[in-house]
Number of protein chains: 2
Amino acid sequence: MRGAQGDLLRLVAAGHAESRAELARLSGLAASSVSLRVEELIGSGLLVEEGAGTSRGGRRPRRLRLSPGAGLLAVADLGAHHARLGLLDLSGTPLVVEERPCDILEGPEATIDWMAAAFEDLLAAHAPPGVPLRGVGTGVPGPVDPATGRVVAPSRMPGWNNFPVADRLAAHFDLPVLVENDANLMAAGEARAWPKCETLMVLKAGSGIGCGVIVNGALHRGRGAAGDISHVRVRSDSSVTCSCGHDDCLEAYASGAALMSVLGEQGIEVRRPADVVALVENGVPEATALVRNAGRLIGEVLTVLVNFINPDAIVVGGSLSPAEPLIASIRAAVYERCLPLATRDLEISTTRSGPDAALLGAGSLLLDAVLA
Amino acid sequence: MRGAQGDLLRLVAAGHAESRAELARLSGLAASSVSLRVEELIGSGLLVEEGAGTSRGGRRPRRLRLSPGAGLLAVADLGAHHARLGLLDLSGTPLVVEERPCDILEGPEATIDWMAAAFEDLLAAHAPPGVPLRGVGTGVPGPVDPATGRVVAPSRMPGWNNFPVADRLAAHFDLPVLVENDANLMAAGEARAWPKCETLMVLKAGSGIGCGVIVNGALHRGRGAAGDISHVRVRSDSSVTCSCGHDDCLEAYASGAALMSVLGEQGIEVRRPADVVALVENGVPEATALVRNAGRLIGEVLTVLVNFINPDAIVVGGSLSPAEPLIASIRAAVYERCLPLATRDLEISTTRSGPDAALLGAGSLLLDAVLA
DNA sequence: CGGCCTATCTTCGATTTCGAAGGAAGTTGG
DNA sequence: CCAACTTCCTTCGAAATCGAAGATAGGCCG
């Protein structure tokens, strides 16, 4: 899928272009060249022409789509106790998504081999015959060195430090492989749902707190830890030491794990962040107060970042995100304290992509590798 | 200077390429095409061939430079009481730089007309005959809407709110015009001096506190206020109300203006941030303690941003930056509290471009507009 | 219903770009 | 000093790209 040809496919797959005319506008190529190229791509079975689009005042465009037979992507989002796994077509539409229990404490080798087997499962059960697998990707709950695909200094993945996850996956599938932090994948997934936003902050509020940053439409990786907000010192009366060794990290107060531990001390049994959400929805005052406080702390941290980055939107996802008081108090803190220039037109809302955001993000990033 | 031709010129002007071979590598064009294009550019007097470069193991390259006659850029950096003005050639080398007193309180019309007259002065005195002015740019000490070139809600520029600075300048010179926040220009200028750094935070510590952000090699503007760190709430025992209406903003504790006001209360007369630096260098303990505290507060704010953005370097400039304790305490705070992954290989140091950084940055950004 | 307008897509000759081959001008190492 | 190798740059036929003109197909409106 060489360069210029790949550019056209990418534009169609990413949903940016639906017709030859749009391709010409976005790719910068002449309309005639686009027509030629598209004809070739249709000839080789990668694109299909499908009906007509809506008119913009003239002749209706002939709508282009990626052929369902163009290929599949196998993607996963690895959590501490569960993994979501899915198959996508090249335009990122899920064919199937499953959640399976799995334990990353069994170590990287076992977990990745398990993942490879799960992918084979899914392919056997759901892949249409003759459609090739074109790429494999996974999110992991820790920092990933973007250059090497290794996990680096993960606090929630004991035994995984410096493990070459990408290499191990590539040993199973001789294909483009993507390994990325889970919050970053979520951000990449949301980015597709917010096409008008160039700069985006995507917060993952689950048992941990993660954040992914989209700058200028592209995921910002930094050295692999970009987006980390969990170890920021928060203003607090008491003093708690975080697992990172510092005092009063945001994570120690506002993460799902922290909330659960406080609730546990109060004799309220919770096992997953979703249980906290349920308590809030049932009006349990202890849970509501805790969540509201967590939102305020998160919001105060976001305040600094919003002034600095001026995002177009802040998207809140993760298993804690359905709790209304969380996002309400985040909003309150940000709108109250940020510069007017930074908050006018700033949207703060919950995920548009839902629980599959990270899988969709993996698909979106993988596409670039596959069509390079 | 149409597209592809402009790309080649830009690569030479920005100092990225010095030979046809380098141009071919960086532009992605075939070597033969580059040769053709370069021949045309030499023919039209924009490029000149000048001696030979150093061999990389084979034939020596024929060094290319922008012709000194290719054009000039007039650039300024507007401060509260002074303006730096300069003329640059298209590769960003200063022909002349001057500092002149000027008072932005006289309002935008008067100030911009004054600036235009000053540019005419400089051109009459220093421009080689026949070399055309190709672009005009200025930095202003407030937020600028990147789309319109208007100043937006500036706290230190009363009377300038929403004034179309770019339009007024364009009325004097019918040329590409650039108007940008001063800290952003400084960041753009430093970026050229840190070519290996993709992500850069440039702090301007003067009478105010500003910051410019380079992400992926390009200036990040956001909505025009990106990089603002002055109105972040800091941890403090006392309570000070900032001009923005909130309490305990960084600016109210750590800006040059704040330091000067505290020193004044202690009976120590200072008139400019540079006087504070002199006091520190002379070992006046009150000044040293104040500066050290300012560095700590700034450092604690940077902590959050470093974890989030993972810059390759933090560059400190501005009139307060020569004060050693300032940068020392910034370093201490950042290295102590940030994630190891974010601080390994993170460089924190003072400006490489010196006091002309903003002018050089204006040149660098203008070049893109001129060669578009 | 029938012009008129707009937008999409194709055709085809002119132009640009490519890339393989080769010449030019060095360095390196015996 | 000479042969082998690198890198830089140009030459020239082949291939891709462009762009103007035209064909196609719809919307809009009297």
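Only this structure's heavy atoms are used, side chains among them; waters, hydrogens and symmetry mates stay out. Throughout, protein chains are lettered first and strands after them, A, B, ... in sequence-line order, and every chain is numbered starting at 1.
OP1 or OP2 of C:dT17 lies within a sub-4.0 Å distance of a side-chain N or O belonging to B:Arg37. Contact annotation: B:Arg62 side-chain N/O to D:dC8 OP1/OP2 distance is not under 4.0 Å. At least one side-chain nitrogen or oxygen of A:Arg20 sits closer than 4.0 Å to the OP1 or OP2 atom of C:dT10. In this model, the phosphate group of C:dT8 is approached by a side-chain N or O of A:Arg25 to a distance below 4.0 Å at OP1 or OP2. Of the side-chain N and O atoms in A:Ser33, none sit less than 4.0 angstrom from OP1 or OP2 of D:dA16.
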Could you please spell out the steps behind the side-chain contact (heavy atoms from CB on, under 4.5 Å) verdict for B:Val38 and B:Leu23?
CA-CA 9 Å; B:Val38 166; B:Leu23 280 173; 3.9 Å; yes
Start with the C-alpha distance between A:His220 and B:Ile309, add both sets of side-chain angles, then the distance that settles side-chain contact (heavy atoms from CB on, under 4.5 Å), and finish with yes or no.
CA-CA 8 Å; A:His220 176 68; B:Ile309 292 289; 3.9 Å; yes
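To the nearest angstrom, P of D:dA23 lies 23 Å from CZ of A:Arg60. Rounded to whole Å, atom P of C:dG19 lies 14 Å from atom CG of B:Leu36. Straight-line distance from the CG atom of A:Leu23 to the P atom of C:dC9: 9 Å, rounded to whole Å. Rounded to an integer number of Å, the gap from A:Gln5 CD to D:dA16 P is 10 Å. To the nearest angstrom, C1' of D:dT10 lies 13 Å from CD1 of B:Ile42. Distance A:Arg63 CZ to D:dA25 C1': 17 Å, rounded to the nearest Å. One atom, CZ of A:Arg56, and another, C1' of C:dC5, lie 15 Å apart when rounded to the nearest Å. Rounded to an integer number of Å, the gap from CD of A:Glu40 to P of D:dA15 is 14 Å.
Checking D:dC8, D:dT10, D:dC18 against every side-chain atom of B:Ala21, the shortest atom distance belongs to D:dC8.
Under the 4.5 Å side-chain criterion, counting only non-hydrogen atoms from C-beta, B:Leu133 is in contact with B:Leu175.
When each of A:Val136, A:Val144, A:Leu185 is tested with A:Leu178 by the rule side chain to side chain contact (heavy atoms under 4.5 Å, CB included), just one qualifies, namely A:Leu185.
The nearest heavy atom of DNA chain C to A:Ser55 and to A:Ser32 marks one nucleotide each, and the one closer to the 5' end goes with A:Ser55. Each of B:Glu39 and A:Ala30 was assigned the nucleotide of DNA chain D with the nearest heavy atom; the assignment lying further toward the 5' end belongs to B:Glu39.
Donor-acceptor pairing under 3.5 Å, judged by distance alone, is absent between the side chain of B:Arg59 and the base of D:dT7.
What you find for A:Asn184 and A:Ala226 is that their closest heavy atoms are OD1-O, 4.0 Å.
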